[in-house]
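Working notes, beginning with the structure itself.
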Amino acid sequence: MRVGIATDHGGFGLKEELVTQLRGAGHEVVDFGAHRLSEGDDYPDYVVPLAQAVVAGKVDRGVAICGSGVGASVCANKIQGIRAALIHDHFSAKQGVEDDHMNIICMGGRTVGPAVAWDLVQTFLTAEFSQAERHLRRLDKVASLEARKT
Ligand code: RB5
């Protein structure tokens with residue numbers, strides 16, 4: 001799978017670990033940065049290009065990290081077509097794709113360790129959207145919000 005990944009300084013170490021793990025598992029990784037640890041950097045500068053690449057189909061799915069994962073998820077969801085969520089548990093990593101068609105997983109570099117993060121990423125990448133009628137109906141309702149101003 002072609003996987004995009006992005007982080008600010010808050011998840012830099014975790015991002016580096018996940019890039020190695022992903023490549024080791026045979027995925028093609030597009031690294032949107034940060035490419036060096038810089039305490040003053042801002043997560044939108046990395047997360048927005050990742051989210052745009054997901055929407056454009058340049059990568060299949062995305063991994064967005066910041067210190068808590070909150071900023072990354074708030075930011076990614078501002079891009080039309082993105083369904084991002086901050087994930088801490090195995091169940092949500094799977095069901096978030098199966099039911100909600102999550103296309104970016106967000107995590108906190110300061111809140112999850114590398115082993116848990118790798119399990120969450122693998123679970124996210126192997127899950128598939130169910131295509132169930134009730135979930136398509138709900139996603140249509142979510143998508144219609146993007147056309148509204150408020
Ligand atoms: C940066 O210090 C931190 O605020 C950021 O990485 C992230 O946690 C924001 O949600």
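- Residues Val70 and Ser68 share a closest heavy-atom pair of N-OG, 3.0 Å.
- Annotation: side chain of Asp8 is not in contact with side chain of Asp42 (no heavy-atom distance under 4.5 Å).
- Lys78 NZ to Ser73 OG: the interatomic distance, rounded to the nearest 0.5 Å, is 10.5 Å.
- Salt bridge annotation for Arg61-Glu128: present, with a cationic side-chain nitrogen under 4.0 angstrom from a carboxylate oxygen.
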Quick one: do Lys15 and Asp31 satisfy salt bridge (charged side-chain N to carboxylate O under 4.0 Å, His left out)? Show the steps, please. CA-CA 9 Å; Lys15 192 261 291 178; Asp31 186 347; 2.8 Å; yes

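- Under the 4.5 Å side-chain criterion, counting only non-hydrogen atoms from C-beta, Val142 is not in contact with Arg83.
- In this structure the side chain of Ile87 never reaches within 4.5 angstrom of the side chain of Thr123, judged on heavy atoms.
- Residue pairs meeting the ring pair (Phe, Tyr, Trp, His ring centres under 6.0 Å) criterion with at least one member in residues 89-128, sequence neighbours excluded, are His101-Phe129.
- No side-chain heavy atom of Lys58 sits less than 4.5 Å from a side-chain heavy atom of Val30.
- The closest side-chain heavy-atom distance from Val121 to Ile5 is not below 4.5 Å.
- A donor-acceptor pair under 3.5 Å is formed between the side chain of Thr20 and the backbone N or O of Glu16.
- Under the 4.5 Å side-chain contact rule for hydrophobic residues, Val55 and Met1 do not share a cluster.
- Distance CD/Glu28 to CG/Asp60: 9.0 Å, rounded to 0.5 Å.
- Counting all heavy atoms, side chain and backbone alike, Gly69 lies closest to Leu86 at CA-CD1, 3.7 Å.
- Shown here for Ile105 and Ala93, the closest heavy-atom pair between the two residues is CD1-CB, 4.5 Å.
- Of all heavy-atom pairs spanning Val48 and Cys75, the tightest one is CG2-SG, 3.6 Å.
- Interatomic distance, Lys141 NZ to Leu136 CG, rounded to the nearest 0.5 Å: 12.5 Å.
- Linking ILVMFWY residues whenever their side-chain heavy atoms come closer than 4.5 Å, directly or via other members, places Leu50 and Ile79 in the same cluster.
- Scanning all heavy atoms of the two residues, the minimum distance from Ala76 to Ile104 falls at CB-CD1, 4.2 Å.
- Between Leu22 and Leu125 the shortest side-chain heavy-atom distance falls below 4.5 Å.
- When side chains are defined from C-beta on, Leu14 counts as touching Leu18, because their heavy atoms get closer than 4.5 Å.
- To the nearest 0.5 Å, the span separating CG on Asp100 from NE2 on His135 amounts to 7.5 Å.
- The side-chain hydrogen bond (donor to acceptor under 3.5 Å, both in side chains) check on Arg137 picks up Glu133, with sequence neighbours excluded.
- A distance of 13.0 Å separates NE2 of His9 from CZ of Arg36, quoted to the nearest 0.5 Å.
- Counting only residues at least two apart or on different chains, no ring pair (Phe, Tyr, Trp, His ring centres under 6.0 Å) pair has a member in residues 55-89.
- Here the OG atom belonging to Ser92 is positioned 8.0 Å from the CE atom belonging to Met102, to the nearest 0.5 angstrom.
- Residues Val19 and Leu120 are members of one and the same hydrophobic cluster, defined by side-chain heavy-atom contacts under 4.5 angstrom among Ile, Leu, Val, Met, Phe, Trp and Tyr.
- Taking 4.5 Å as the limit, every side-chain heavy atom of Phe12 sits out of range of all side-chain heavy atoms of Ile65.
- Taking hydrophobic clusters as Ile, Leu, Val, Met, Phe, Trp and Tyr residues chained together by side-chain heavy-atom distances below 4.5 Å, Phe32 does not share a cluster with Tyr43.
- Considering every non-hydrogen atom in both Pro49 and Pro44, the closest pair reads CD-O, 3.7 Å.
- When the side chains of ILVMFWY residues are joined at heavy-atom separations under 4.5 Å, either directly or via intervening members, Val3 and Val47 end up in two distinct hydrophobic clusters.
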